[in-house]
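Quick notes on the structure that follows.
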There are 2 protein chains.
Amino acid sequence: MSDPSLAHRPTLEAVAARAGVSRATASRVVNGSDGVRAPLAERVRRAVDELGYVPNQAARTLVTRRNDAVAVVVAEPETRFFSDPFLTQQVRGISKELTARDNQLVLLLTEGAADYERVGRYLAGGHVDGALLFSLHDDDTLPALARRAGVPTVIGGRPSWSDADTLYVDCDNRGGARDAVTYLLDGGRRRIGHIAGPLDQTASVDRLEGFRDALPGTDPRMIAEGDFTPEGGARAMAALLEHCPDLDAVFAASDVMASGALRVLRTRGIKVPEDIAVVGFDDIVSVAEWTDPPLTTIRQDIEEMGRMMARLLLRRVSPSAGDADGPALSSIITPTRLVVRASA
Amino acid sequence: MSDPSLAHRPTLEAVAARAGVSRATASRVVNGSDGVRAPLAERVRRAVDELGYVPNQAARTLVTRRNDAVAVVVAEPETRFFSDPFLTQQVRGISKELTARDNQLVLLLTEGAADYERVGRYLAGGHVDGALLFSLHDDDTLPALARRAGVPTVIGGRPSWSDADTLYVDCDNRGGARDAVTYLLDGGRRRIGHIAGPLDQTASVDRLEGFRDALPGTDPRMIAEGDFTPEGGARAMAALLEHCPDLDAVFAASDVMASGALRVLRTRGIKVPEDIAVVGFDDIVSVAEWTDPPLTTIRQDIEEMGRMMARLLLRRVSPSAGDADGPALSSIITPTRLVVRASA
DNA sequence: ATCGCGCGAGAGAGCGCTCTCACGCCGGAC
DNA sequence: GTCCGGCGTGAGAGCGCTCTCTCGCGCGAT
């Protein structure tokens with residue numbers, strides 16, 4: 001309020017005056033459009049420097065209808081499931097990509113229905129050029145909201161519905177899970193249990209599918225559902241042990257649940273990996289490297305997934321700008337990689 | 001881009017026309033200023049609803065010079081130290097407070113000097129009304145940058161310089177540390193070591209001070225410097241054990257370092273808390289509750305600190321708006337609380 | 001009945017920018 | 001030498017909103 005340095009912010013008009021050109025020409029130079037002769041352009045650039053001119057984004061947005069800003073919408077209740085570092089890393093990737101393309105990141109955290117309405121209004125308000133949607137549950141209304149608002153979106157994680165028009169970025173959950181189990185099988189394990197995530201999330205379902213791919217016809221009691229928390233992992237581990245005392249391996253659908261499982265095993269004096277091998281999923285370093293023993297897990301490049309989401313969205317927002325505009329945009333499934341540590 | 005629903009966004013003009021009033025009156029109603037007679041106001045409100053009118057923020061900003069947006073600037077390199085959950089929680093608090101006051105959160109992550117320049121330009125560009133600065137190191141240029149840009153700021157964590165004009169929010173690091181050590185002393189521990197954080201951060205220094213308050217004249221070798229990582233905590237623990245084999249307690253300046261320390265103790269077969277008691281700091285639930293044994297620690301209300309930062313900034317931005325405007329704004333030190341779990 | 005006052009409403013001027021359009025100038029073709 | 005075409009530049013019209021200023025109306029006081 002009444003800040004001097006904000007008050008004397010030079011306008012394009014001032015730059016033009018100083019450079020002895022019209023506002024239109026100054027604008028052309030500032031926006032890098034060609035067709036301005038070198039000496040003039042140079043004069044304008046000097047004036048910009050001398051005055052410390054910075055374009056007023058509001059004025060620009062008002063006429064161009066572009067915000068150069070993207071919303072990242074995170075549905076809070078679900079955030080807990082995906083342990084926090086996951087989100088943080090993804091946001092980091094998004095931020096980098098957005099920055100590289102001169103876009104801003106507006107963070108919208110929601111909790112509860114009232115917030116959805118607020119987000120809907122915000123998106124409809126045309127404040128952002130696009131939105132990145134996170135941690136949706138099965139019948140989440142957020143994508144519909146965004147669509148109604150006419151805001152291009154990209155979703156983090158495969159949504160439960162299929163729709164050619166819906167763009168998302170996810171890792172190869174199924175393939176990764178398959179790899180994990182295959183690795184256990186290759187290591188001679190035969191009685192392999194699975195700690196699944198909540199089955200109303202596609203990631204959990206896909207990982208379970210992968211487990212089944214490698215181990216068809218598994219007794220359903222070898223599969224226990226957790227909730228992506230350590231507690232859930234611990235409970236699931238206990239259940240597994242109960243149904244199958246001679247278990248020799250477990251594949252958990254997340255590192256965090258695996259850490260809960262490890263805890264139960266340690267408490268009961270069961271040696272990992274000697275008695276039971278454990279494989280996680282995610283490779284969240286702060287978890288997987290610091291469990292005891294360190295966790296063998298399936299790595300997904302979380303930050304890169306973030307970058308990809310941002311890139312995809314930006315291309316959707318302005319098809320011409322992106323890379324040499326390929327054909328239709330499509331969802332992306334990133335590969336996973338087995339990272340062997342000590343737990344299996 | 002050419003989106004239909006964005007294209008027909010109704011303007012205030014349209015609302016006014018539908019309600020049969022002037023644009024000025026419509027504006028008055030939309031902005032909740034009084035002095036519009038009830039029936040007219042009602043007509044305008046109905047028109048807004050029917051048309052689904054949402055004010056164009058860019059146009060509004062252009063004239064009011066207010067953005068209703070706040071930047072959260074996080075200096076990346078340091079982020080690793082404060083383990084991620086810390087930041088996430090704080091941002092959550094900020095987001096809630098901002099949302100409640102109809103402000104947006106623009107997230108700016110930086111890494112390296114080049115990014116600082118970019119952030120400087122952004123702040124100078126007047127895109128936001130204020131900035132929240134995080135994880136600064138000792139001679140960080142960010143605050144100066146923000147000041148030059150004329151953007152009101154609030155800093156997360158006590159900065160190393162003192163300056164009446166600088167507002168920050170931090171927890172009572174010193175008092176918390178003192179409480180931790182006092183608790184250990186009360187439990188009969190006598191040979192207490194300290195795993196400090198990097199001493200170029202005020203939080204580490206303050207916690208060390210608190211340690212010394214409770215245990216004046218401690219042999220310097222009872223203090224080992226870590227770096228807020230589990231590895232650092234582990235190394236520091238090992239060093240402590242070396243210099244003082246009959247240690248009976250450790251106060252670590254962070255939960256994350258404590259987790260590293262616990263690991264070393266477990267490896268060496270030293271029982272916690274029987275042989276050595278361990279107290280952490282932060283109470284990052286995902287860490288403290290899931291170490292083995294669960295960590296006794298000093299709790300700081302991270303989310304609340306985030307809220308306070310936001311509130312402070314908003315009051316600084318528009319002194320009139322805030323609560324019944326108290327006198328001068330001042331920095332805030334929040335209390336800490338000892339949380340007893342199993343490790344001490 | 002006249003005057004003045006105050007409140008509610010409208011008219012209109014920008015905020016700083018982009019972009020279309022018109023214009024002037026220079027070079028090449030006739 | 002005249003004409004045309006095209007490129008480089010300037011003039012000006014808004015984008016959608018807020019806010020000041022003015023105006024008109026109805027009321028109480030004289």
Side-chain angles (χ1 to χ4, degrees), chain A residues 1-3 6-45 47-48 51-68 124-127 129 318, chain B residues 1-3 6-45 47-48 51-69 102 124-127 129 318:
Chain A
M1 217 79 318
S2 74
D3 185 307
L6 281 180
H8 336 127
R9 288 242 327 272
T11 74
L12 189 56
E13 189 79 53
V15 171
R18 184 173 190 108
V21 299
S22 73
R23 205 172 56 242
T25 299
S27 172
R28 280 187 271 257
V29 174
V30 167
N31 292 297
S33 79
D34 44 348
V36 175
R37 254 187 291 247
L40 271 201
E42 189 43 47
R43 287 222 309 272
V44 171
R45 268 188 289 269
V48 165
L51 262 32
Y53 170 76
V54 184
N56 179 320
Q57 185 62 33
R60 188 178 267 176
T61 295
L62 186 55
V63 30
T64 60
R65 265 97 213 300
R66 269 185 116 289
N67 298 282
D68 293 318
H127 302 293
D129 301 327
S318 49
Chain B
M1 213 80 316
S2 71
D3 186 308
L6 283 180
H8 334 128
R9 286 244 325 276
T11 75
L12 189 56
E13 188 80 53
V15 172
R18 185 174 190 109
V21 300
S22 73
R23 205 172 59 242
T25 298
S27 173
R28 279 188 270 260
V29 174
V30 167
N31 292 297
S33 80
D34 45 348
V36 175
R37 254 185 291 249
L40 272 201
E42 189 41 49
R43 287 223 309 273
V44 171
R45 268 189 289 270
V48 166
L51 261 32
Y53 170 76
V54 184
N56 180 320
Q57 184 61 32
R60 187 178 268 177
T61 295
L62 187 56
V63 31
T64 60
R65 265 96 214 297
R66 270 186 115 291
N67 298 283
D68 294 316
D102 265 321
H127 302 293
D129 300 327
S318 49

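The figures here come from the full heavy-atom set of this structure, side chains too, leaving out hydrogens, waters and symmetry mates. Letters A, B, ... are given to chains in the order of the sequence lines, protein chains preceding strands, and every chain is numbered from 1.
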Which nucleotide, [options], lies nearest any side-chain atom of [X]?
X     : options                : answer
B/R23 : C/dC17, C/dA13, D/dG10 : C/dA13
B/L12 : D/dC17, C/dG16, C/dT18 : D/dC17
B/T64 : D/dC19, D/dC17, D/dG14 : D/dC19

Taking atom types as they are modelled, would you say the side chain of [X] forms a donor-acceptor pair with the base of [N] within the 3.5 Å cutoff?
X     : N      : result
A/R9  : C/dG16 : no
B/R28 : C/dG10 : yes
A/R37 : D/dT9  : no

Rounded distance (Å) that lies between atom [atom2] of [N] and atom [atom1] of [X]:
X      : N      : atom1 : atom2 : result
A/L51  : C/dG16 : CG    : C1'   : 15 Å
A/L40  : D/dC7  : CG    : P     : 17 Å
A/D68  : C/dT18 : CG    : P     : 11 Å
A/R60  : C/dC19 : CZ    : P     : 9 Å
A/E42  : D/dT9  : CD    : P     : 14 Å
B/E13  : D/dC17 : CD    : P     : 9 Å
A/H127 : D/dC17 : NE2   : P     : 11 Å

Please tell me if [X] has a side-chain N or O lying less than 4.0 Å from either OP1 or OP2 of [N].
X     : N      : answer
A/N56 : C/dC15 : no
B/S27 : D/dC17 : no
A/T25 : D/dG10 : yes
B/S22 : C/dA11 : no

Problem set entry | N/O donor-acceptor pair under 3.5 Å between A/R18 side chain and A/A47 backbone |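 Such a contact is absent between A/R18 side chain and A/A47 backbone.
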For this session: Look only at the side chain of B/N67 and the backbone of B/G126, and say whether a donor-acceptor pair between them is shorter than 3.5 Å.
Result: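 Yes: the side chain of B/N67 pairs with the backbone of B/G126.
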Exercise. Nearest nucleotide by nearest heavy atom, which residue falls closer to the 5' end of DNA chain C, A/L62 or A/A24?
Worked result: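 Whichever sits nearer the 5' end wins; that is A/L62.
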Problem set entry | Residue whose nearest DNA chain C nucleotide is more 5′ - A/V63 or B/V36 |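 Checking each residue's closest nucleotide, the 5'-ward one belongs to B/V36.
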For this session: Decide yes or no for B/T61 and B/R66: does some side-chain heavy atom of the first lie under 4.5 Å from some side-chain heavy atom of the second?
Result: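 Not in contact.
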Exercise. Side-chain donor-acceptor pair under 3.5 Å between B/R60 and B/N31, yes or no?
Worked result: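 Judged by distance alone, the side chains do pair up.
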For this session: Among A/V48, A/V30, A/T11, find the residue that satisfies the side chain to side chain contact (heavy atoms under 4.5 Å, CB included) test when tested with A/P55.
Result: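 The side chain to side chain contact (heavy atoms under 4.5 Å, CB included) with A/P55 is passed solely by A/V30 among A/V48, A/V30, A/T11.
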Problem set entry | 5'-most by nearest nucleotide on DNA chain D - B/A59 or A/V21 |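 It is A/V21, whose closest nucleotide lies nearer the 5' terminus.
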